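This report concerns only the one structure given below.
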Number of protein chains: 2
Amino acid sequence: MIAKTKPLAANDVASRLRDGIRMGRYVPGQRLVEADIIADTGATRSRVREALQRLATEGLVTIEEFRGASVKKLTLDEVRQIYRARMALEGLAAAEFATADKPDLKARLQAIQTEMDSGESTGDHEQFGRLNTAWHRLIIEGAGNDYVRAFLATLTVPIYRLLFSTFYNAQRIDAANADHRLITAAIVEGRAEDAERFMRAHVEQGFHSLSTIHSHFGN
Amino acid sequence: MIAKTKPLAANDVASRLRDGIRMGRYVPGQRLVEADIIADTGATRSRVREALQRLATEGLVTIEEFRGASVKKLTLDEVRQIYRARMALEGLAAAEFATADKPDLKARLQAIQTEMDSGESTGDHEQFGRLNTAWHRLIIEGAGNDYVRAFLATLTVPIYRLLFSTFYNAQRIDAANADHRLITAAIVEGRAEDAERFMRAHVEQGFHSLSTIHSHFGN
DNA sequence: CACAGGCGGATTGTCAACCATTTCGTCGCC
DNA sequence: GGCGACGAAATGGTTGACAATCCGCCTGTG
């Protein structure tokens, strides 16, 4: 990479805002005022506007005419739709990864799995959350489908905080890890159909656990 | 719609370019010069640039630094990835439509089906192409999942011309329509699993028919 | 005191002009 | 004919300005 002294490219501003939304620094419904972002990032207005446009096409923020950008609020039904799409796409990814001939990636998946197993009942939800995202991301990478990867990336961002909130229950962690074990084994052993079926069930289960907690879903 | 005297919004410019790419007015690899688009559409440069940026994030065009935008060339492997993603998402859409309680939409699907059946062996590939797109689009709409709809929209645009090229074979039309009949029946009768399985097989078959013709796939 | 209406600051939408940087064809020279 | 410099063309990006709109606040009236 090149170390530029330039202020900030539009991509950087977009990434920064994306992270801010993912990490909960910006809450749903909050307005993203151009001038504030300029003050924060030092980017020019055109850059900021371009970044906001990009986030809007990703569905992360909504732009209303003369009202500007605000972090998109998710309906429960929209969360459901996201999970259905994830079900189909991550299921596909698991199946493709299983049939792919990528021993090194499969070894890494197995490594993450054993790490999750070892720290399973410690109840460290933060560590499990990290391993969980790494596990999912590795499967997506293993599928080798860039379109699927891009779609899933945009699907995962708006529900990132919600994902973590489900793991505050130790029982849920154990259940999720049991799913993970099944899926990891199926992928490593090349059983594509099993991998897909288990992954779909896993994602669906994730939505059910989530919808029982659904607290914030503004209107 | 509102009849504005304004020149052209960025969205309009993007749609126009999208249609141009879909219809083959712009061929893969062709450069999209800002000044030409300005002359064509009457939009300002900022609009045009914004539109091109948007198309770039959609993956329709590639932007190289100081070289500008050009219509993206698709590798055969990329086409395969698109079809795999379509398989998963349209399969999901068929299943969701089957379980949904939308009698009017299902009736419209049946209507399109009978129209396709009636004109099946006439070999009118253009009409079949139109009905085919209407059929697929209706199923996506029937699923009621906006994320899936958006993803499939961006997936379908770059392969639109290729879709039509497979229908220049009357035999292929008959085979495709046989698939359609199975899927339509499954959706109308609410058999979600069948609808999904048949739709996945249908999309996969579409890729196979296409890959036997693969002539243009620059590099 | 309640409320309708207007006023002005704040924010966004849009454009035009400007300059730097790079690409690429062309022309002259060897 | 080949090669290098030059300049037009195209893009990347910034700045400033102005219009349109929203929203809080203030005032006048009943």
Side-chain angles (χ1 to χ4, degrees), chain A residues 1-17 20-21 26-73 218-219, chain B residues 1-18 20-21 25-73 218-219:
Chain A
M1 284 297 149
I2 313 115
K4 297 191 177 182
T5 47
K6 285 183 181 179
L8 263 184
N11 260 329
D12 300 326
V13 178
S15 302
R16 189 149 166 169
L17 291 174
I21 293 174
Y26 304 111
V27 297
Q30 179 174 347
R31 288 186 58 183
L32 300 173
V33 181
E34 292 177 2
D36 296 349
I37 301 172
I38 293 174
D40 279 359
T41 63
T44 60
R45 193 150 94 104
S46 32
R47 303 273 210 177
V48 171
R49 289 178 61 80
E50 184 183 335
L52 289 175
Q53 290 283 351
R54 195 166 306 188
L55 295 183
T57 67
E58 291 177 15
L60 255 182
V61 308
T62 61
I63 296 184
E64 294 167 280
E65 185 139 16
F66 297 106
R67 300 270 327 268
S70 52
V71 182
K72 181 170 168 59
K73 288 181 181 177
N219 113 304
Chain B
M1 283 298 147
I2 315 116
K4 298 190 177 183
T5 46
K6 286 183 179 179
L8 262 184
N11 259 329
D12 300 326
V13 178
S15 301
R16 188 147 166 173
L17 291 174
R18 231 189 317 260
I21 293 174
R25 188 176 152 214
Y26 304 112
V27 297
Q30 178 174 346
R31 289 186 57 180
L32 301 173
V33 181
E34 293 178 2
D36 296 349
I37 301 172
I38 292 174
D40 279 0
T41 63
T44 59
R45 195 154 94 102
S46 33
R47 304 274 211 176
V48 171
R49 299 187 89 241
E50 184 182 335
L52 290 175
Q53 289 284 350
R54 196 167 304 190
L55 295 183
T57 67
E58 290 178 16
L60 254 181
V61 309
T62 60
I63 295 183
E64 294 167 281
E65 183 136 14
F66 298 106
R67 300 271 324 267
S70 52
V71 183
K72 180 170 168 61
K73 289 181 181 177
N219 116 301

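Keep in mind that what you see is a predicted model, and the values were worked out from it rather than measured. Each chain gets a letter, A, B and so on, in the order the sequences are listed, and its residues count up from 1.
Comparing atom distances between the A:Phe66 side chain and each of D:dT11, C:dT11, D:dT21 picks out D:dT21 as nearest. Nearest nucleotide to the side chain of A:Arg67, out of D:dA20, D:dC23, D:dG13: D:dC23. Relative to the side chain of A:Arg47, the nucleotides D:dT14, D:dA10, D:dT21 differ in distance, and D:dT14 lies closest. In this structure, of D:dT14, C:dG13, D:dG12, it is D:dT14 that holds the atom nearest to the side chain of A:Ser46.
For the pair A:Leu32 CG and C:dT12 C1', the computed distance is 13 Å after rounding to whole Å. Atom P of nucleotide C:dT21 and atom CD of B:Glu34 are separated by 18 Å, given to the nearest angstrom. Taking atom CZ of residue B:Arg49 and atom P of nucleotide C:dA16, one finds them 15 Å apart after rounding to whole Å. Atom P of nucleotide C:dA10 and atom CG of A:Asp36 are separated by 13 Å, given to the nearest angstrom. When rounded to the nearest whole Å, the span between CD of A:Glu64 and C1' of C:dG13 equals 15 Å. In this structure, B:Gln53 atom CD and D:dG12 atom C1' are separated by 10 Å, rounded to whole Å. In this entry the distance linking CD of B:Glu50 with C1' of C:dG13 reads 10 Å, nearest Å. Counting to the nearest Å, the P atom of C:dT14 and the CZ atom of A:Arg45 are 11 Å from each other.
For A:Thr62, the side-chain contact (heavy atoms from CB on, under 4.5 Å) test picks out A:Ser70, A:Lys72, with sequence neighbours left out.
Across all strands shown, B:Ile38 has no heavy atoms under 4.0 Å from either base or sugar-phosphate atoms. B:Ile63 comes within 4.0 angstrom of the backbone, heavy atoms only, and of no base.
Of the possible donor and acceptor atoms, one in the side chain of B:Arg31 sits under 3.5 Å from a partner among the backbone N and O of B:Arg67.
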Output, in order, the C-alpha distance, side-chain angles, deciding distance and verdict of side-chain contact (heavy atoms from CB on, under 4.5 Å) for B:Leu17 and B:Val61.
CA-CA 10 Å; B:Leu17 291 174; B:Val61 309; over 6 Å; no

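Taking only side-chain nitrogens and oxygens, B:Thr44 comes nearer than 4.0 Å to OP1 or OP2 of C:dC15.
Between B:Arg54 and B:Glu58 there is no salt bridge, since no side-chain nitrogen of the basic residue lies less than 4.0 Å from a carboxylate oxygen of the acidic one.
B:Arg18 and B:Leu60 make their closest contact through CG-CD1, 3.3 Å (heavy atoms, listed as atom of the first residue, atom of the second, distance).
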